Amino acid sequence: MKFLEHEAKSVFAEHGIPIPGGFLIRSADELSGYLEKLPPEFVLKAQVDVGGRGKAGGILITDRQNGVATARSLFGKTIKGVPVREILAEERLPIIHEYYASIAVDRSTKEALILFTEEGGVDIEKLARERPFAIRRASVPLLMTEIPPFMLRDLLRGAPNEAGRILQCLYTVFCRKDAILAEINPLVTTSSGIFAADAKLIVDDNALKRQGISQNRDLTERERAAERHGFSYVELDGNIGVIGNGAGLTMATLDLIDFFNGKAANFLDVGGGADQERVMHAVRLVAGVPSVRVIIVNLLGGITRCDEVARGIIDAKISQEVIVRLAGTNEEEGRCLLMEKGYRMLDSMEEAVRAAVEAVR
Ligand code: GDP
Ligand code: MN
């Protein structure tokens, strides 16, 4: 489970990591009550569960005079599709330098992977692609209660001494909270010390019970519907709706869309043995996403029967085009049903995906 910035910051602060002073507000008017307690200049940070809020307009610098109006405009926005319901109003830090520090589970070695770079603030994935040597790494076996000092010295060459203490605190958070990621980007230096200007914490879903956390993630209406039907469903930001059976086949469909330079709008795995009704619900659910312009249904008939799938697609009666690739049990019957109704049926995944990508071009 992903913590919001303000939640992650509270956890970090409890473990000795300095954070900027601030207040969480749920409406612009609420800010008026805090104006006297905030410095003349401060930042408003949208508390949304997406990365790169800064570039997406979710972080605004303002002052006492304009704060309430700025907060009002930020509350009206959606950042990368997520509506702003909470804002963290925080003192503006006079930043000298931005560092990056993170600890993640390294799945291959089953150890804690620590990353540190003096080039923080920016998109770490981009830095890893363009200047991988700028990122320092160390692996710590999870049984260790702290990061061995020799590793810290190596990681932090040239960085301020306080960074070492912060990394030890971050490691404690990581272990105690059963995290799969604990990240500070940027970790900033100012004339009055070092601070976590941003905070990210993802707790392993398998540890939520042990951590006493009840998952209270805001599901969208569609995500809730998908959960009720038992579909594995993830929303993405493209325009091609994707329905498959089995995580592997559905992922492969997404990969092919990417290969042909298309953009998937979602991932929907109907699961095993989907019948007519389930397929209909799946198609309707995906067709209900406003950005979806075409849907590709890529199903392999095993226990799932292709004729049932075909009937489900026809029953859905949606306005967007559905491009179908069916193979396996009762394939011929399924094909006939769909052909009669004028659906485009393609023999291979490649052809079907290519047709879908061309349809939205
Ligand atoms: P993200 O874009 O979602 O990662 O949000 P961040 O909290 O990391 O903010 C993005 C950028 O905004 C940072 O890298 C800083 O450059 C800037 N920023 C955030 N908070 C402050 C602040 O208190 N003072 C100043 N000067 N800049 C800030
Ligand atoms: Mn950040």
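Remember, it's 1-based here, ligands and their atoms both numbered in the order they're listed. Note that this is a predicted model, so its numbers are computed, not measured.
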Q | Protein N, O or S atoms lying under 2.8 Å from the Mn ion (ligand 2), listed by chain and number | A | Asn185 O, Asp198 OD2
Q) Is the shortest distance from atom 15 (C) of ligand 1 to a protein heavy atom below 4.0 Å? A) yes
Q.
I'd like to know whether ligand 1 has Pro20 as a neighbour, heavy-atom separation below 4.0 Å.
A. no
(Q) Is there a salt bridge (Lys or Arg N to Asp or Glu O under 4.0 Å) between Asp178 and Lys209? Walk through the geometry before answering. (A) CA-CA 11 Å; Asp178 291 311; Lys209 195 164 180 194; over 6 Å; no
Q: Using the side-chain contact (heavy atoms from CB on, under 4.5 Å) rule, take Val242 and Val286 through it: C-alpha gap first, then chi angles, then the decisive distance, then the call.
A: CA-CA 8 Å; Val242 180; Val286 173; over 6 Å; no
(Q) Taking 4.0 angstrom as the limit and counting only heavy atoms of Asp198, give me the atoms of ligand 1 inside it, by number and element. (A) 1 (P), 4 (O), 5 (O), 6 (P), 7 (O), 8 (O)
Q | Glu98-ligand 1 polar pair, N/O distance under 3.5 Å | A | yes
Q.
With a sphere of 6.0 Å drawn around CD of Glu277, does it hold more than 12 non-hydrogen atoms of other residues, nucleotides or ligands?
A. no
Q.
Tell me the nearest of Ile59, Val188, Ile95 to atom 5 (O) of ligand 1, using heavy-atom distances.
A. Ile59
Q: Run the numbers on Leu167 and Ile114 for side-chain contact (heavy atoms from CB on, under 4.5 Å), then give the verdict.
A: CA-CA 9 Å; Leu167 264 185; Ile114 305 171; 4.1 Å; yes
Q.
Among Glu91, Arg92, Lys80, Lys45, which one puts a heavy atom closest to atom 7 (O) of ligand 1?
A. Lys45
Q) Is Glu90 close to ligand 1, meaning an N/O of one under 3.5 Å from an N/O of the other? A) no
Q.
Do Val11 and Leu170 land in one hydrophobic cluster if side-chain heavy atoms of ILVMFWY residues count as linked below 4.5 Å?
A. yes
Q) Can a salt bridge be assigned to the pair Asp275 and Arg311 using a cut-off of 4.0 Å between side-chain N and carboxylate O? A) no
Q | Closest non-hydrogen atom pair, Asn266 against Gly241 | A | OD1-CA, 3.1 Å
**Q.** Proximity of Asn185 to ligand 1 by residue part, where a heavy atom lies under 4.0 Å
**A.** backbone
Q: Determine, step by step, whether Lys9 and Phe3 satisfy the side-chain contact (heavy atoms from CB on, under 4.5 Å) criterion, reporting the C-alpha distance in whole Å, the side-chain angles of both residues, the deciding distance to 0.1 Å, and the verdict.
A: CA-CA 9 Å; Lys9 276 184 170 160; Phe3 283 45; over 6 Å; no
Q: Going by heavy-atom distance to atom 2 (O) of ligand 1, choose the closest among Gly54, Ala56, Pro94.
A: Gly54
Q: Tell me which one of Leu88, Val43, Leu60 gets a heavy atom nearest to atom 21 (C) of ligand 1.
A: Val43
Q: Evaluate the side chain to side chain donor-acceptor pair (under 3.5 Å) criterion for residues Tyr100 and Glu183: first the C-alpha distance (whole Å), next the side-chain angles of each, then the deciding distance (0.1 Å), finally the verdict.
A: CA-CA 8 Å; Tyr100 170 99; Glu183 181 188 271; 2.8 Å; yes
Q | Heavy-atom nearest option to atom 3 (O) of ligand 1, drawn from Lys200, Glu183, Arg53, Lys55 | A | Arg53
Q: Name the closest protein heavy atom to atom 23 (O) of ligand 1, giving the residue it belongs to and the distance to 0.1 Å.
A: Leu93 N, 3.1 Å
Q) Are Asp29 and Arg72 close enough for a salt bridge, meaning some N to O gap below 4.0 Å? A) yes
Q: Look at atom NZ of Lys2 and say whether more than 12 heavy atoms of other residues, nucleotides or ligands are closer to it than 6.0 Å.
A: yes
Q) Would Asp198 and Arg53 pass as an ion pair if we require N to O under 4.0 Å? A) yes
Q.
I'd like to check which ligand 1 atoms, numbered from 1 as shown, lie under 4.0 Å from a non-hydrogen atom of Gly121.
A. 14 (O)
